[in-house]
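Computed from heavy atoms alone, side chains included, the values below leave out hydrogens, waters and symmetry copies. The residues of the chain are indexed from 1 along the displayed sequence. Order of listing sets the numbers, starting from 1, for every ligand and every atom in it.
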Amino acid sequence: MLRKIFIAGNWKMNLTLSASLELSAGLRGQIGGVSDVEVAVCPPSVYVQQVAAALKDTNIGVGAQNVYHKDKGAFTGEISTGMLLDIGAKYVILGHSERRHILHETNEDVNLKTLAVLASGLTPIVCVGELLAEREAGTTEAVVRDQFEGSFADVSASDMKRSVIAYEPVWAIGTGKVATPDQAEEVHVFVRSLIEKKYGKEVAESVRIQYGGSVNDENAKEILAKSNVDGALVGGASLKVEPFVKIVKSA
Ligand code: PGA
């Protein structure tokens with residue numbers, strides 16, 4: 001397999017500065033030297049700088065959970081890719097379902113951000129995934145196709161190749177209702193077919209597709225064993241050292 005497994009923690013709007021540093025120290029001690037798996041944590045943006053400093057000289061990268069697509073200017077409350085690079089970020093989660101559904105981000109918004117992130121040299125982790133009602137209505141593939149095509153509009157083949165996609169069925173996020181390994185694999189195969197259709201086989205075979213949605217230390221191994229599941233985007237189970245370490249080790 002050419003694709004390196006990539007486990008990322010999405011801390012969402014959780015933890016304090018001191019809890020972030022404690023978690024970072026724990027991860028540093030236990031998986032700071034892991035090299036056969038790519039590992040990242042994505043703290044709230046206000047903690048990115050200190051977490052990046054706490055994880056300096058380890059193999060654990062740091063990412064943000066959102067960014068604005070403009071370089072600078074009168075955009076009150078927003079932060080730029082340059083600012084994230086400045087404080088040590090390497091990755092940015094984009095189009096997370098909480099941003100799509102609670103903060104009303106559209107595919108067009110996600111696309112502008114994806115293009116800006118790629119232009120900056122940061123690595124985007126672009127989330128796609130259907131709602132429970134959409135799965136039940138049989139529209140999972142149509143929803144995921146729209147999100148993929150919308151989010152990656154105008155992205156070149158070389159930029160696609162270094163992008164990461166996270167398939168996160170919304171009904172599985174924070175609910176304890178994990179998709180079965182077969183359900184995940186099915187959508188991952190579909191996403192890879194969309195990449196292949198647009199960019200060809202070589203690019204499609206290179207892009208890492210993470211699964212996200214109630215991944216924990218008990219179910220990670222089984223999901224990661226699927227050949228098209230190239231990692232995990234972990235929410236709740238990334239907030240404590242032990243489960244996150246176990247997930248990384250099970251990869
Ligand atoms: P969860 O969140 O692991 O808590 O379900 C995953 C995510 O939203 O990225």
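Among all non-hydrogen protein atoms, the one lying nearest atom 7 (C) of ligand 1 is Glu168 OE2, 3.2 Å. Taking atom 4 (O) of ligand 1 as the reference point, the nearest protein heavy-atom neighbour is Gly236 N, 2.9 Å. Closest protein heavy atom to atom 2 (O) of ligand 1: Lys12 NZ, 3.3 Å. Closest to atom 6 (C) of ligand 1, if we only count protein heavy atoms, is Gly235 N, 3.5 Å.
Contacts between Asn10 and ligand 1 below 4.0 angstrom, taking non-hydrogen atoms only, involve the side chain exclusively.
Set against the non-hydrogen atoms of Ser214, the atoms of ligand 1 under 4.0 Å away are 1 (P), 3 (O), 5 (O). Heavy-atom proximity to Leu233, at under 4.0 Å, picks out these atoms of ligand 1: 6 (C), 9 (O). Shown in contact with Ala172 at under 4.0 Å from a heavy atom are these atoms of ligand 1, numbered in order with element: 5 (O). Listed by atom number, the atoms of ligand 1 under 4.0 Å from Gly213 heavy atoms are 5 (O). The distance from ligand 1 to the heavy atoms of His96 drops below 4.0 Å at these ligand atoms: 7 (C), 8 (O), 9 (O).
Taking the six-membered ring where tryptophan is involved, the planes of Tyr167 and His188 are perpendicular, since the angle between them exceeds 60° and thus also 30°.
The residue among Gly174, Ser238, Ala166, Gly176 with a heavy atom at the shortest distance from atom 5 (O) of ligand 1 is Gly174.
Using modelled atom types, one side-chain atom of Asn59 and one backbone atom of Val34 make a donor-acceptor pair closer than 3.5 Å. Side-chain atoms of Lys246 never come within 3.5 Å of backbone atoms of Glu218 as a donor-acceptor pair (strictly under, hydrogens ignored).
Lys113 and Asn66 share a side-chain donor-acceptor pair at under 3.5 Å. Between the side chains of Asn111 and Thr114, no donor N or O sits under 3.5 Å from an acceptor N or O. Side-chain N/O atoms of His96 and Gln65 include no donor and acceptor closer than 3.5 Å.
In this structure, the separation between SG on Cys42 and OH on Tyr47 is 15.5 Å, given to the nearest 0.5 Å. Note that the CD atom of Glu168 and the SG atom of Cys127 stand 4.5 Å from one another [nearest 0.5 Å].
Using a 4.0 Å cut-off between charged nitrogen and carboxylate oxygen, Arg135 and Glu130 count as a salt-bridge pair.
Ligand 1 lies nowhere less than 4.0 angstrom from a heavy atom belonging to Ala237. The shell of residues lying under 4.0 angstrom from ligand 1, judged by heavy atoms, excludes Ser97.
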